[in-house]
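For this chain, numbers begin at 1 and follow the sequence in order.
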Amino acid sequence: MGAVALHGVRTADAKLGDVIAVVGLGLLGQLTVQILKAAGCRVVGMDVVAERVALACRLGADASSTSPSEFRDLCLQQSGGRGVDAILITAQTSTSDPVNFAAEIARDRAVVVAVGAVGMDIQRKLFYEKELDFRMSRSYGPGRYDSAYEQKGIDYPIGYVRWTETRNMDAFLRLLADRKLDTEALVTHRFAIERAHCAYDLISGRTGQPFLGVLITYPQDSDEKRVVELVKKSVIPAGIAVKSLSIGLLGAGGFAMSTLLPALKKVDGLNLVGVCSATGSHARHAAAKFGFRYCATDEESILNDAAIATVVIATRHHLHASQVIAALQAGKHVFCEKPLCLREEELLAIIRTYKNERLRTKPLLMIGFNRRFAPLAQRMKVFLRQVHEPLALHYRVNAGFIAADDWVNDSSQGGGRILGEVCHFVDFLSFLIGAPPVKVETRSLTNPGKYSADNVVISLHFPEGSQGTVTYVANGDSSYSKERVEVFGGGAVAALEDFRRLELVRHGRKQIFRSLLHQDKGHCAEWQAFAKAIRTSEEAPIPFDDIVATTLATLRAGESRSAEKCVIVDAAHFIASASAN
């Protein structure tokens with residue numbers, strides 16, 4: 001709030017000796033009055049509430065009033081009859097009266113700044129005759145709404161942007177430390193957290209009582225436990241193999257809630273122990289909806305829980321590598337939603353961790369390449385086993401548009417859609433061939449920037465001559481089918497449409513199979529396979545070397561696009577080098 005008020009003052013270009021009017025003496029207006037006085041300005045305030053007018057005078061305003069006509073006279077008196085140098089509107093109203101009233105009390109070429117949410121139906125004549133400068137104050141300063149600044153911490157050079165939102169906050173805190181501002185006088189109500197609903201009743205106007213600053217207080221001696229138990233340990237169903245099939249989930253976003261957790265609930269014998277999300281409400285909602293024993297906001301709660309043997313990772317992509325490594329080092333089985341990582345250095349670190357002979361146990365690592373487990377995909381694989389010559393494969397993906405500034409397209413968080421999504425299709429073609437690609441070449445479709453780098457054609461070269469193509473586009477119509485796979489070879493054709501319909505043709509004979517479900521992409525089947533491997537101590541359903549090969553091929557696909565050339569993918573050598581180091 002202090003930074004918002006301070007940025008409003010800076011937007012008005014208030015200077016030592018200026019006469020400034022503040023219209024609206026709520027919490028924001030009272031802070032603005034004090035900041036202006038600290039800057040050496042003369043301040044005239046107005047509000048319809050007499051108590052707020054009196055408070056502004058106690059906090060330093062040179063004059064204040066509840067009457068518009070009296071306020072107009074005060075502005076003329078304080079400015080020697082010229083009108084005020086700037087008006088800061090800190091009121092909140094849907095009408096445009098404050099904006100047009102500001103024009104009446106302003107001097108020639110004065111500045112009018114809308115800090116609060118007010119109507120802006122400006123009367124042109126008033127602003128034109130005085131050539132007034134109307135400005136909007138956007139929140140608390142430069143950097144606001146800039147994801148690079150607010151989420152990644154990329155600062156603006158001070159030589160070009162002196163006062164950013166962070167520097168405004170810093171300046172406000174210095175004013176507090178120097179006792180130039182009085183915030184205690186602004187607090188009219190305090191409520192213990194147990195009575196927080198009363199605070200919201202007050203500020204929403206339900207009680208009809210006047211208020212200014214409303215604080216919610218917390219117990220001083222409360223512990224900082226960030227785990228909330230929802231189900232007592234004693235109610236865990238008997239007979240469940242807690243040691244091997246107990247699940248801890250990291251991440252409770254849209255995919256986890258809509259797809260992953262519903263699939264987990266269909267697998268017999270899984271014990272959902274704990275769920276962790278950076279947002280406590282998300283963790284609590286997921287825990288309550290799907291029956292986890294507890295929820296938390298600290299991933300260490302999951303990683304260090306001896307009752308959890310399998311960690312499921314469904315966080316944002318940039319967190320995957322570090323969480324996979326931490327879970328493996330803790331001796332947990334790991335299921336990681338794609339992608340496994342965003343950089344080759346991370347992949348090397350994962351290989352070294354997984355191959356480390358000093359691990360207490362040999363956990364399983366599974367990646368969420370679900371499509372290979374779909375029933376129609378399994379049938380397609382069996383059909384192609386009868387072909388003993390190189391195959392030509394084409395995977396077309398009508399991916400749909402997402403904004404360039406979406407977190408998936410952020411290189412540091414999502415890694416882009418090639419790493420985040422195309423890995424699925426590289427894995428699926430490798431599954432059909434039975435071997436990973438040895439070369440990859442990516443070409444981008446020229447576009448004006450709207451689609452980021454989401455329109456690509458990727459050529460995959462497999463051992464023994466098979467060729468695969470992934471056409472991944474975001475510029476199609478979303479009403480058309482999303483995915484189609486076609487395979488040609490040995491006088492046979494296999495075509496899979498959106499995991500709903502499979503067409504197999506050989507010797508002029510056509511077979512058509514349809515999914516028993518509306519669409520089945522294998523999410524449940526992959527978990528059934530993974531759970532079986534854990535129970536029976538078998539190898540993971542997707543061999544570790546295959547996971548590495550697909551991940552490396554996808555990383556190299558991105559490299560090929562940047563370098564505009566074909567890139568070698570030698571997964572065996574890559575794994576050997578990582579293991580040797």
Item to check | Straight-line distance of D146 CG to K152 NZ, nearest 0.5 Å | outcome: 9.0 Å

Item to check | SB check K355 D545 (cutoff 4.0 Å) | outcome: yes

Next on the checklist: For the aromatic rings, using the six-membered ring if either is Trp, is the centroid distance between H285 and H282 under 6.0 Å?
Outcome noted: no

Checklist entry - CZ/F488 to CG/L391 distance, rounded to the nearest 0.5 angstrom? => result 11.0 Å

Checklist entry - Within 45° of the six-membered ring axis of F513 and under 6.0 Å from that ring's centre, is NZ or CZ of R379 located there? => result yes

Checklist entry - Rounded to the nearest 0.5 Å, what separation is found between the CD atom of E483 and the NE2 atom of H424? => result 8.0 Å

Item to check | Over-ring placement of K381 relative to F431, 6.0 Å and 45° cut-offs | outcome: yes

Next on the checklist: With rounding to the nearest 0.5 angstrom, report the OG1 to CD1 distance, T353 to I325.
Outcome noted: 4.5 Å

Checklist entry - Once you round to the nearest 0.5 Å, how far does CG of L340 lie from CD1 of I313? => result 8.5 Å

Checklist entry - Do H461 and Q467 have side-chain atoms, one donor and one acceptor, less than 3.5 Å apart? => result yes

Item to check | Under 3.5 Å side-chain donor-acceptor pair for S481 and R396 | outcome: yes

Item to check | L364 to H333 - nearest heavy-atom pair and separation | outcome: N-ND1, 2.9 Å

Checklist entry - Is the NZ or CZ atom of K439 both under 6.0 Å from the centre of the six-membered ring of F462 and within 45° of that ring's axis? => result no

Item to check | Among R506, R501, R500, salt bridge (charged side-chain N to carboxylate O under 4.0 Å, His left out) partner for E503 | outcome: R501

Next on the checklist: Let me confirm one number: the CG-CG distance from N455 to N475, rounded to the nearest 0.5 Å.
Outcome noted: 4.0 Å

Item to check | Flag if over 12 foreign heavy atoms under 6.0 Å of CZ, R135 | outcome: yes

Next on the checklist: Donor-acceptor pair, distance only, cut-off 3.5 Å: does the side chain of K521 make one with the backbone of N370?
Outcome noted: no

Next on the checklist: Hydrogens and angles aside, do H394 and T471 bring a side-chain donor and acceptor to less than 3.5 Å of each other?
Outcome noted: yes

Checklist entry - Should we count CZ of R167 as having more than 12 external heavy atoms under 6.0 Å? => result yes

Checklist entry - Once the angle between the rings of F335 and F530 is folded into 0 to 90°, is it parallel (under 30°), tilted (30 to 60°) or perpendicular (over 60°)? => result tilted

Checklist entry - According to the interplanar angle, ranging from 0 to 90°, do the rings of Y149 and Y156 count as parallel (below 30°), tilted (30 to 60°) or perpendicular (above 60°)? => result tilted

